[in-house]
Amino acid sequence: MILRYLSACSIVLLLITISCSRQKTVNEGIELYQEGLYQSAFIKIKDGLIQYSMEKTLDEQSFVCTPYAVFSTETLLTMLYPKKHTYEFPREVVSVWYDPADDVCVVTDGIMVSNFSSDEEIIINNPTTKPIKAVSYCNKDIYLLCGEELYVHSQDDKKIRRLSSIDFPPPETLKYYNGYMHAVNNKLIIVVGIAGLYNAWVLSTEGDILLSRIRIASWKNILKDDKLFVITGSAGHWDLKSISITTKKDKTIKSFTKLQDVHLLNDGIIINNGDGIVVYNYDNTFYAIPFTYSILGGTNEFLLVDGGYNALISGNKFFMMIEKVVIETGCCIIKN
């Protein structure tokens, strides 16, 4: 019993030591800021945030990020997170979706769909003559956006049927455009468009339209509880908005005159406005951080950051440590 107690204490002490060690650079930055050495402080804080939040480094150079997984497409399709697995898919990847609950990967080259489950590949043919723009998976069913039409492949009877009678066209009658589809909590988010011009819809997995044809400026979005968070607007005036699925009402959370990139995670939103990053924590609090990162992509939980090496960092740890910096320095808080 005593040995077990000592062993448990040793593990706790080790974890505390590791955590303190990973916070060291951020703490040094906080101390420099308190001494009035602001430029040196933020250099330390920028590096320290990555050191503290990093889960692993990735050696690959080309990435495809989905809400639940990070892939490489350098040769074959390889999942790098949440686990390492290579799929025998040598063709071009147009759209890919990974479901961690069922350990299923669904991918398309625009012509057919491959369903990788339990190390078995099942081929699903395109039910139309239009290219497949996006695929997703939910509750053992596979969803295909074929041109402007949405189809579902049922796991029960292995048949494909059209799910919704409405079409999902891009804005401005674009001839060339991309499609994105995400499955979250028995809801489908469909986005079609390109280069700042997108239409978005939210549907139930049964095909009921919950939000219809929203014009947005970025394909990136996140669904939290009842609200869909999106970016709207155009050059010179951008809005971060939340849209209630229940009431259909939208709310402008904050407006920006400059915006270069946006990343929406479960724990917060990062907006690169060119001068630095603006951080929002879903509690109507904004922080303006006077440095930026080269962000290569991300999932709902993690960001892939180029810090001289490809670092996969935890969004939860990143936002938590930024809040610590703000509290202990008194800097960076901005009003809505």
Side-chain angles (χ1 to χ4, degrees), residues 64-69 93-108 110 113-115 117 124 126-128 130-171 177-194 198-216 218-232 241-248 250 264-266 299-301:
V64 175
C65 296
T66 69
Y68 301 107
V93 174
V94 171
S95 177
V96 59
W97 182 264
Y98 176 70
D99 183 274
D102 290 344
D103 192 20
V104 169
C105 179
V106 180
V107 60
T108 183
V113 176
S114 291
N115 174 17
S117 176
I124 301 170
N126 187 343
T128 74
K130 302 291 181 65
I132 302 172
K133 293 289 187 178
V135 291
S136 192
Y137 174 97
C138 185
N139 295 332
K140 303 189 183 304
D141 290 337
I142 296 172
Y143 297 86
L144 303 80
L145 183 63
C146 304
E148 299 178 1
E149 299 175 353
L150 180 63
Y151 289 81
V152 59
H153 178 273
S154 173
Q155 174 71 14
D156 292 333
D157 57 18
K158 311 300 182 186
K159 293 182 179 179
I160 299 178
R161 62 181 175 87
R162 188 168 178 183
L163 183 63
S164 174
S165 60
I166 74 165
D167 290 341
F168 302 90
Y177 63 93
N178 299 320
Y180 308 88
M181 183 161 48
H182 307 313
V184 183
N185 298 330
N186 294 321
K187 296 179 180 67
L188 295 174
I189 304 168
I190 296 176
V191 178
V192 292
I194 198 170
Y198 299 92
N199 285 333
W201 295 259
V202 179
L203 300 79
S204 72
T205 50
E206 300 301 318
D208 300 317
I209 304 298
L210 305 177
L211 290 177
S212 181
R213 199 184 291 207
I214 308 158
R215 178 62 66 88
I216 57 178
S218 171
W219 62 268
K220 298 175 182 178
N221 58 78
I222 194 162
L223 184 64
K224 286 187 64 67
D225 301 322
D226 176 61
K227 295 179 180 178
L228 180 71
F229 290 82
V230 295
I231 296 290
T232 65
K241 286 189 175 184
S242 65
I243 306 172
S244 169
I245 292 176
T246 302
T247 66
K248 319 302 180 192
D250 66 83
L264 301 94
L265 290 81
N266 285 338
T299 70
N300 286 351
E301 302 286 347

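As the structure is a prediction and not an experimental result, all values here were calculated from the model.
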Of all pairs that satisfy salt bridge (Lys or Arg N to Asp or Glu O under 4.0 Å), the ones with a partner from residues 152-164, not counting sequence neighbours: Glu149-Arg162, Arg162-Asp167
Pairs where residues 130-145 contributes a residue and the test salt bridge (Lys or Arg N to Asp or Glu O under 4.0 Å) is met, not counting sequence neighbours: Asp102-Lys140
Sidechain-backbone polar pair: Asn199 side chain, Pro169 backbone, donor-acceptor under 3.5 Å: yes
All pairs passing ring-ring contact (aromatic ring centres under 6.0 Å, His included) where residues 138-163 contributes a residue, at least two apart: none
Main-chain N/O of Leu211 paired with Lys248 side-chain donor or acceptor, under 3.5 Å: no
Side-chain donor or acceptor of Lys227 paired with backbone N/O of Lys241 under 3.5 Å: no
Set of residues satisfying ring pair (Phe, Tyr, Trp, His ring centres under 6.0 Å) with respect to Tyr68, sequence neighbours excluded: Trp97
Partner residues of Asp225 under the side-chain hydrogen bond (donor to acceptor under 3.5 Å, both in side chains) criterion, sequence neighbours left out: none
For Phe168, ring pair (Phe, Tyr, Trp, His ring centres under 6.0 Å) partners two or more places apart: Trp201
Minimum side-chain heavy-atom gap Leu228-Asn221 below 4.5 Å: yes
Under the side-chain hydrogen bond (donor to acceptor under 3.5 Å, both in side chains) test, residues paired with Asn126 that sit two or more places apart: Thr128
Nearest heavy atoms of Ile243 and Val230, plus distance in Å: CD1-CG2, 4.1 Å
Sub-4.5 Å side-chain heavy-atom contact between Ile209 and Ser164: yes
With sequence neighbours excluded, residues passing side-chain hydrogen bond (donor to acceptor under 3.5 Å, both in side chains) with Tyr98: Asp103
Trace of the side-chain contact (heavy atoms from CB on, under 4.5 Å) decision for Asn300 with Ile222: CA-CA 8 Å; Asn300 286 351; Ile222 194 162; 4.1 Å; yes
With sequence neighbours excluded, residues passing side chain to side chain contact (heavy atoms under 4.5 Å, CB included) with Ser218: Lys220, Ile231, Val262
Atom pair CG/OG of Leu163 and Ser204 - distance to nearest 0.5 Å: 7.5 Å
Any Thr232 side-chain heavy atom under 4.5 Å of Arg215 side chain: no
Student check: side-chain heavy atoms of Thr299 and Pro67 closer than 4.5 Å: no
Pairs under 3.5 angstrom only: tabulate donor-acceptor contacts from the side chains of residues 183-193 to other protein residues two or more places apart or in another chain.
unit_1, atom_1, unit_2, atom_2, d
Asn186, OD1, Asn139, ND2, 2.6

Tyr137: ring pair (Phe, Tyr, Trp, His ring centres under 6.0 Å) partners, not counting sequence neighbours: none
side-chain hydrogen bond (donor to acceptor under 3.5 Å, both in side chains) partners for Thr66, two or more places apart: none
Stepwise side-chain contact (heavy atoms from CB on, under 4.5 Å) test for Leu223 and His182: CA-CA 10 Å; Leu223 184 64; His182 307 313; over 6 Å; no
Note, Leu144 side chain near Thr108 side chain (heavy atom, < 4.5 Å): no
Spacing of OG belonging to Ser212 relative to CG belonging to Leu203, to within rounding of 0.5 Å: 8.5 Å
